[in-house]
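The figures here come from the full heavy-atom set of this structure, side chains too, leaving out hydrogens, waters and symmetry mates. The structure presented is a predicted model; accordingly, all values stated were derived computationally and were not measured. Order of appearance sets the numbers: ligands from 1, and atoms from 1 within every ligand.
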Amino acid sequence: MNINLVATTPFKDQKPGTSGLRKQVRVFQQPHYLENFVQAVFNTQTALKGGTLVLGGDGRYFNREAIQIILRMAAAHGVAKVIVGLGGILSTPAASCLIRRYRTQGGLILSASHNPGGPHADFGIKFNTPNGGPAPEKVTNEIHAATLTLSEYRIADIQHVDIDHLGTSKLGTMEIAVVDPVQDYAALMQNLFDFDRMRALFNSVPFRMRFDAMHAVTGPYARRILEDMLGAPPGTVMRAEPLADFGGHHPDPNLVHAHDLVEAMNGRTGPDFGAASDGDGDRNMILGRRFFVTPSDSLAVLAANAHHVPGYRGGIVGIARSMPTSQAADRVAEHLGIECFETPTGWKFFGNLLDAGRVTLCGEESFGTGSDHVREKDGLWAVLFWLNLLAVRHESVENIVKSHWRQFGRNYYTRHDFEEVDAQRAETLMNRLRDRLPGLTGKRLGDHTVSLADDFAYEDPIDGSISQGQGVRILFEGGSRLVFRLSGTGTAGATLRLYVERYEPDPQRHALETQSALAPLIAIAHEVAGIREHTGREAPTVIT
Ligand code: G16
């Protein structure tokens with residue numbers, strides 16, 4: 001096997017964001033662009049030399065080309081073995097599962113998550129560490145620093161590697177194991193959940209479910225687990241074929257992009273349970289018949305009901321949520337007498353807490369929920385958790401959530417996104433807001449009194465690392481909150497996210513429409529941040 005040493009020069013824009021390096025496909029298609037980033041990973045993650053790497057992606061446009069490049073570079077770098085999903089496919093949680101199960105030295109996951117795919121859309125790559133989780137900031141900073149000093153990369157001189165047949169082959173001295181992407185993951189799910197009861201639920205005539213795989217990576221996983229193993233009728237999984245462009249849609253499981261599923265659930269005779277997951281299978285949306293469960297409520301409900309599920313019967317040790325996620329889970333933690341952590345946005349911040357055994361469940365408002373079974377959020381896992389609850393409690397999704405509110409109170413919650421705002425103007429908005437913070441505490445805004453206003457900083461309780469500037473919080477007496485931050489996953493301009501929350505303990509006031517319940521707080525947010533003045537926008541582009 002010949003190894004080519006290719007001269008290169010650094011790209012200045014290879015700093016990983018909230019979850020890896022995400023760019024438009026045409027950026028990745030520039031000569032040397034992907035290669036530089038991968039070489040920086042190999043240069044910094046020295047254990048990969050002689051070690052094992054997991055490799056796969058969500059099947060989006062450029063996935064197959066990228067896999068070929070990475071295999072050839074891995075061989076040139078002296079990686080001993082690469083475990084690659086058949087056809088280059090691995091959902092993000094399944095990749096995490098393989099890294100952990102086979103104790104590898106890490107993995108490369110190719111995805112831009114919920115961002116659209118295709119030649120004119122997005123691609124992404126991220127390195128996951130040997131615990132199976134996205135690399136923490138310390139590691140991504142090292143990788144970024146390495147991209148800035150590169151002068152060459154190494155790549156095996158081979159035309160094509162077969163990744164479309166199961167089995168083992170050799171590339172030079174490197175072993176390539178092409179594996180069934182679903183098998184180990186499905187076995188893990190079987191260990192955690194009561195498949196017998198779930199099968200019985202599907203056998204009970206009145207129960208029907210619809211799962212929207214959005215033409216993304218979870219199609220094969222959902223088909224195998226829901227239809228083959230649990231006996232859900234064929235067709236339960238819709239849009240099940242993974243497509244390189246996701247059928248031209250955003251593979252983003254929310255009320256806007258999973259429109260057909262939402263329509264089906266809103267019908268008079270709609271299914272009892274609806275769910276969807278995103279491009280790489282780590283996000284989830286949960287629906288009942290004519291009922292939407294916010295991701296923040298979902299985390300709280302799962303935590304309060306974990307004892308119903310075999311994998312968590314022994315109790316959960318703690319809960320973590322990202323800062324903008326509603327405080328519903330905090331009340332459950334308090335009730336259970338366990339710790340609750342508030343981390344910055346980004347699943348990577350949960351890794352240390354999970355590894356240290358301080359938390360069992362984690363969740364984010366951005367449709368992410370997961371547990372210590374892997375080190376990524378896990379869409380299908382959340383769906384199976386809900387299914388297990390439905391099989392045990394024999395109540396509707398709506399009743400389960402409403403009885404949860406009666407016990408713990410309701411956290412009305414919404415997120416307003418202002419997408420593709422001019423990056424400079426968005427920065428100015430945030431800077432002005434930060435400047436106003438010191439004067440806000442104790443001030444009355446509308447009917448609310450500010451109890452705390454700050455720019456969120458997090459000190460990791462395990463390794464003491466500090467992450468600053470993680471979003472502006474304005475907390476009000478009584479538990480209502482406003483949060484402002486700029487997205488770290490977009491690829492065009494800036495996205496301003498406004499998160500609004502109001503706590504309502506009184507069950508008599510649990511039936512309000514969410515946007516009206518939050519209207520006064522939304523008005524305060526616009527006023528305090530000068531959203532129209534800085535973004536030129538009257539209204540958000542997406543409301544969830
Ligand atoms: C990633 C991160 C999540 C984060 C989300 C949104 O998810 O892993 O932790 O909540 O992005 O981040 P932002 O608000 O910065 O856009 P995914 O599913 O895109 O990998």
Of all protein heavy atoms, the one nearest atom 16 (O) of ligand 1 is T489 OG1, 2.5 Å
Any idea how Y413 and Y499 line up, ring-wise: parallel (<30°), tilted (30 to 60°), or perpendicular (>60°)?
tilted
Distance filter under 4.0 Å to R485 heavy atoms, resulting ligand 1 atoms:
13 (P), 14 (O), 15 (O)
What atoms of ligand 1 come closer than 4.0 angstrom to any heavy atom of G488?
13 (P), 15 (O), 16 (O)
Which bit of D280 is near ligand 1, meaning a heavy atom under 4.0 Å away: side chain, backbone, both or neither?
neither
Hey, is ligand 1 close enough to T345 that some N/O pair sits below 3.5 Å?
no
Hey, mind stepping through S298 and W386 against side chain to side chain donor-acceptor pair (under 3.5 Å) and telling me if it holds?
CA-CA 9 Å; S298 180; W386 267 95; 3.0 Å; yes
Check each of I125, V41, V84, V82 against I70 using the side chain to side chain contact (heavy atoms under 4.5 Å, CB included) test, and report the only one that passes.
I125
A student checking ligand 1 against R497 at a 4.0 Å heavy-atom cut-off should list atoms 13 (P), 14 (O), 16 (O)
Ligand 1 N/O within reach of R415 N/O, cut-off under 3.5 Å
no
Which word best sums up how the rings of F367 and F292 line up, parallel for under 30°, tilted for 30 to 60°, or perpendicular for over 60°?
tilted
Whether the side chain of S96 engages the backbone of R375 through a donor-acceptor N/O pair (distance < 3.5 Å, no angle test) should be reported.
yes
From the options L261, N254, L255, select the one residue that forms a side chain to side chain contact (heavy atoms under 4.5 Å, CB included) with H257.
N254
Protein contact to atom 20 (O) of ligand 1 [nearest heavy atom, distance to 0.1 Å]
R22 NH2, 2.7 Å
Under 3.5 Å, is there a donor-acceptor pair between the Y185 and S91 side chains?
no
For atom 17 (P) of ligand 1, what is the closest protein heavy atom, and at what distance to 0.1 Å?
S113 OG, 3.2 Å
Verify the distance criterion only: is there a donor paired with an acceptor across the side chains of H416 and R497 at less than 3.5 Å?
no
For ligand 1, note which part of S19 has a heavy atom under 4.0 Å away: side chain, backbone, both or neither.
side chain
Among all the protein's non-hydrogen atoms, which is closest to atom 5 (C) of ligand 1, and how far away is it?
R283 NH2, 3.5 Å
Ignoring hydrogens and angles, state whether a donor on the side chain of N431 or R434 is under 3.5 Å from an acceptor on the partner side chain.
yes
S366 neighbourhood, listing ligand 1 atoms whose heavy-atom distance to it stays under 4.0 Å
4 (C), 5 (C), 10 (O)
What do you reckon, does E365 have a nitrogen or oxygen under 3.5 Å from a nitrogen or oxygen of ligand 1?
no
Salt-bridge test for R223 and E241: reply yes if a basic N is under 4.0 Å from a carboxylate O, no otherwise.
yes
If we number the atoms of ligand 1 from 1 as shown, the ones under 4.0 Å from a heavy atom of H114 are 19 (O)
Could you check whether D282 pairs with K377 (Lys NZ or Arg NE/NH1/NH2 to Asp/Glu carboxylate O, under 4.0 Å)?
yes
Quick look: K377 vs ligand 1, heavy-atom contacts under 4.0 Å, and the answer is side chain
Please determine if G346 has a nitrogen or oxygen closer than 3.5 Å to a nitrogen or oxygen of ligand 1.
yes
Which protein non-hydrogen atom lies closest to atom 3 (C) of ligand 1, naming both residue and atom, and how far is it?
E364 OE1, 3.1 Å
